[in-house]
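Numbers for residues simply follow the sequence, beginning at 1.
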Amino acid sequence: MRMRVFLCILIGWWGMMIHAQLLPPIYNYTPSEYKGESQNWKICQADNKKIYFANNIGLLEFNGVVWQRYPLPNGAIARAVSAKGNTLYTGGFAEFGYWQPNKFNELQYTSLSSQLNPADIEDEEIWKIIFSDRWVLFQSLHKIFIYDTQQQRFKIISATHHLPKIFKIGEHIYFQKMKEGLFKLVNGEEVLVTDHPLFREHILINLLPQKEHFLFVTQDKGIYEGTPTQIEAWKVSASQLINTLNIYSCERLSDGSLVLGTIAKGVYRISAKGELLEHLQQKEGLQNNTVLSIFEDKEHNVWLGLDNGISMVNFFSPFRLYKDYEGILGAVYTSIVHQGTLYLGTNQGLFYTSFPLQSNSKFSLVEGTNGQVWQLKVVENTLFCGHNSGTFIIENHQATSICNLLGTWDVKPIAGHPNWLLQGNYEGLHLLEKKDGRWQYRNKIEGFNVSSRFFEFISPTELLVSHEYKGVFRLQLNDDFTKVTQIHKETSAPIGRKSAIAKFRDEIWYFTEKGLFKYNTTTHKFLQDEALTQQLFHQDSYLSGTLVQSKDEGLWAFTQHNIVKIAQGKLDSAPQLKKMPLSASFRKDLVGYENLYEYREGDCLLGTSTGFMSFVFNQVTHTPYEVHINHISSSRVEGALRAIAIDTKEITFNNAENNFTFSYSVPSYCGMFPSVYQYKLEGLYEHWSDWSEEATVRFENLPAGDYTFLVRAKVGDAVSPNTASFHFVIRKPWYATNVMIVFYIALLCGLLLVVHRVYRVHYKRHKKKVEQEKEKELALMQLENDRTVMQLRNDKLQSEVESKNRELAATTMSIVRKNELLMSIKEALLSSGNGKEVLHIVDDNINSEGDWEHFQEIFNQTDRDFLNRLKALHPDLTPNDIKLCIYLRLNLSSKEIAPLLNISTQSIEIKRYRLRKKMLLERNQNLTDYILKL
């Protein structure tokens, strides 16, 4: 940020006298601040209201916030600069050309001198540039280079002797040649106007039209008037002073006054009538006493290019400043005009001077008032001075002590008692009384010892006393004002530092950081006025509760950024606020002890910590300024900055290039009312930022999206009529582009389809598996059922088999027994030799086919597959062999088989042997086991 040094005023000291001069605001810019070198040769302003300086380092550009420097291509000192529109023409040693802003709002240089023959420009240094129609004239000390912008060609006028200056008066071009005279350009040719000795022997600093003639400002011979052929000294009141000056620069201001820049004596402002208006030099606040160039900008600020630095003087400001550099006057705590005298109460004492202030006004100390003065007040045409040492009456610039109690804050008249005054001191309240036409101390009011700086009457014997740390007290006094009969703490009044009470329109107001409160005498409560509180603190901060009476019975209040006047509305009784946006940093207030004296309605004197300032409240106006975006740059993370064309309607950036810096400004150069800015980035923030003096903002790591940067400004209380904007887009990363999103959607759809397909396949498989499992379960159930049925059948069959087996066994046993019986009978008969017929019958019964068939039927029912397997394996078996196999299947022994076959046991063994052979059994293989396994 730029550093502004806010300076004023000449102080001289003889004994106890201080010479006073109220001066306009001065703002200084040091070489270290504008990053250039010390000397500034020329100044101009382009249509965009930026200020340009021809500096030793090159061209300097100032937009009200940021300084930018542009060196000439050959590194030469820039001696001349002049603007036509937004094109800047500059000149230096062996080089001149023009600068134009590019799309990045940076100046680019085009050399014109490169079109010349090098011999024509060699050793020439351009000191002034003027415009005439389509021509641009570059003046060096020996030549004038006339450049035709249409034909783009040069014409050169040379001088044998020194050619110090060139001037444009209306449509005419004049120039001076030393030892020759004053010349004029006519149709591109030089014509001698006059060879008067003044023009042959003395350098002409400026040639100015003056009614029907001219003013000729010379370097060392003062100012002359007349025509080129008939001149005489300018006979005005300041002539004698002007004749002593060594003038280096001169310009006429918009009000007709002349500003003379001198060598070693600062700057003088002379009225159109030749009266000295102001003289500023280093001890008044300029950085340097040698003024090389002067320029009045479009806002009527006067810029001074100095031999060391730059100063800006606001001659037309409604403010005039006095600063006590030597600390003799001190900080001003109170002021008043009484009987044609201005009194200033300071921390050093009470000072006075005649009023209105003149250029030679001087302050003198009122004898005996050394020390802290708190209050000055006129009661019944008597001036009271509240002092740290007590109370004084001031008459004829003399102080008379009437009370020596320490710390008199204030005195107030008492209704119904014209000869009494209530006095607030460090340790409570006291009474002053007028006797025999003279004021004197009467008594202390007992019962209350709190410091009473602010107090106001509710009724003749009831009052409120405010203390910033203890709160507000309501006191009831006895009729003779000797003691406090009742004390009540007003809890409805919030306690706060720098709080105070004051009376406005017969109502008592209390001002604290919590807001503005009005006292209700019926309920004895303070009620906040929400509307006024909102107006006071809207975009502002609380500074002090000090409330000062105005000339029209209004109140002055002081906030962080404004001086506020509370006055009754013209159409109703509701209080209204008028703000003057003069910030505390420029006011240099005594915070908590602010004082403002309105000696005429609207004409104010404000005490400061370094002196005082005066201003006309109604003349403080604020011109709205358009805000401009000056530079835009972007970068990647930790990457180099890249300038962005600000004239582009819309620009798109890669996703990685998402860091942006915006700088902006308004062309306001008055430091009394600093420029503040608000911005927002639509697409990221939907609300405006707080007002700030910062004119640069940076956004980092912005996500992809569509953005519009907006900025507006405020100077004083005037908001810029425009809102500057810049629209840009940050691309999405490749993986988030629309194509990729379509791809993702397609991929997702494909995945969904695949998942759907897989799910369907899986579902079908699952369904099939479930069906198979169901079928299997059903099959298993069926099998189980079949198994159960089979088991039942088997059980039945087994039962039947067992039954058949039992039947077969029974049948077999029956046959065996029968055959055994018959064999026994046969043997008995054979042994007896009788009964052949009976024997024949027995044999028939032993070999009964009926028994065999019955036996075979039962066996087949029991083991029906055996015979099939046996026949399949051994087809060559005889029926008797099969019978033997069946009996062996029944696991009958040879002894049991023999009766069944009606043969002997030995014969059975032979049959078994033969059967083995037919079956081709191994020797070690058991025949019965084999048959049982079939």
Arg600 with Glu598: basic N within carboxylate O range, under 4.0 Å: no
Under 3.5 Å: donor-acceptor pair, side chain of Glu694, backbone of Ser692: no
pair Phe319-Asn314: side-chain heavy atoms closer than 4.5 Å: no
Heavy-atom donor-acceptor pair, Asn388 side chain to Val373 backbone, under 3.5 Å: no
From CH2 (Trp374) to CG (Asn595), nearest 0.5 Å: 11.5 Å
Electrostatic pair Lys49:Glu626 at N-O distance under 4.0 angstrom: no
Contact check, side chains of Val711 and Phe709, non-hydrogen atoms, under 4.5 Å: yes
Phe457 six-ring face occupied by Lys412 cation (under 6.0 Å, within 45°): no
Gln535 CD to Asp529 CG distance, which is reported to the nearest 0.5 Å: 8.5 Å
Contacts of Asn105 that satisfy side-chain hydrogen bond (donor to acceptor under 3.5 Å, both in side chains) - sequence neighbours left out: none
Between Thr391 and Gln423, a side-chain donor and acceptor under 3.5 Å: yes
Reference residue Phe511; test ring-ring contact (aromatic ring centres under 6.0 Å, His included); the match among Tyr542, Trp556, Phe517: Tyr542
Side-chain heavy-atom pair Phe384, Leu421 within 4.5 angstrom cut-off: yes
Counterpart residues, ring-ring contact (aromatic ring centres under 6.0 Å, His included), relative to Phe726 (two or more places apart): Phe728
Nearest-0.5 Å distance that lies between atom CG in Leu429 and atom CG in Leu475: 6.5 Å
Value rounded to 0.5 Å, distance of CD1 in Ile563 from CG in Asp589: 6.5 Å
Side-chain touch Thr346/Phe351, heavy atoms, less than 4.5 angstrom: yes
Check: Phe660 main-chain N/O paired with Ser634 side-chain donor or acceptor under 3.5 Å: no
Validation row: Tyr343, Thr341 side chains within 4.5 angstrom (heavy atoms): yes
Ring centroid separation Trp409 to Phe454 under 6.0 Å: no
Side-chain (Ser451) to main-chain (Glu427) donor-acceptor, under 3.5 angstrom: no
Partners passing side chain to side chain contact (heavy atoms under 4.5 Å, CB included) against His524 (at least two apart in sequence or in another chain): Glu462, Arg474, Glu490, Tyr519
Interatomic distance, Ser665 atom OG to Asn630 atom CG [nearest 0.5 angstrom]: 3.5 Å
Residue pair Cys604 / Tyr599, side-chain heavy-atom distance below 4.5 Å: no
Name of the residue among Phe62, Tyr625, Tyr27 meeting ring-ring contact (aromatic ring centres under 6.0 Å, His included) with Tyr669: Phe62
Cationic tip of Lys714 above Tyr677 ring, under 6.0 Å, 45° of axis: no
Pairing of Lys377 and Asp410 as salt bridge, 4.0 angstrom limit: yes
Any donor-acceptor pair under 3.5 Å from Gln560 side chain to Ser583 backbone: no
Distance, nearest 0.5 Å, that separates CG of Leu516 from CZ of Phe526: 10.5 Å
Working for side chain to side chain donor-acceptor pair (under 3.5 Å), residues Ser254 and Glu296: CA-CA 8 Å; Ser254 55; Glu296 182 184 13; 2.7 Å; yes
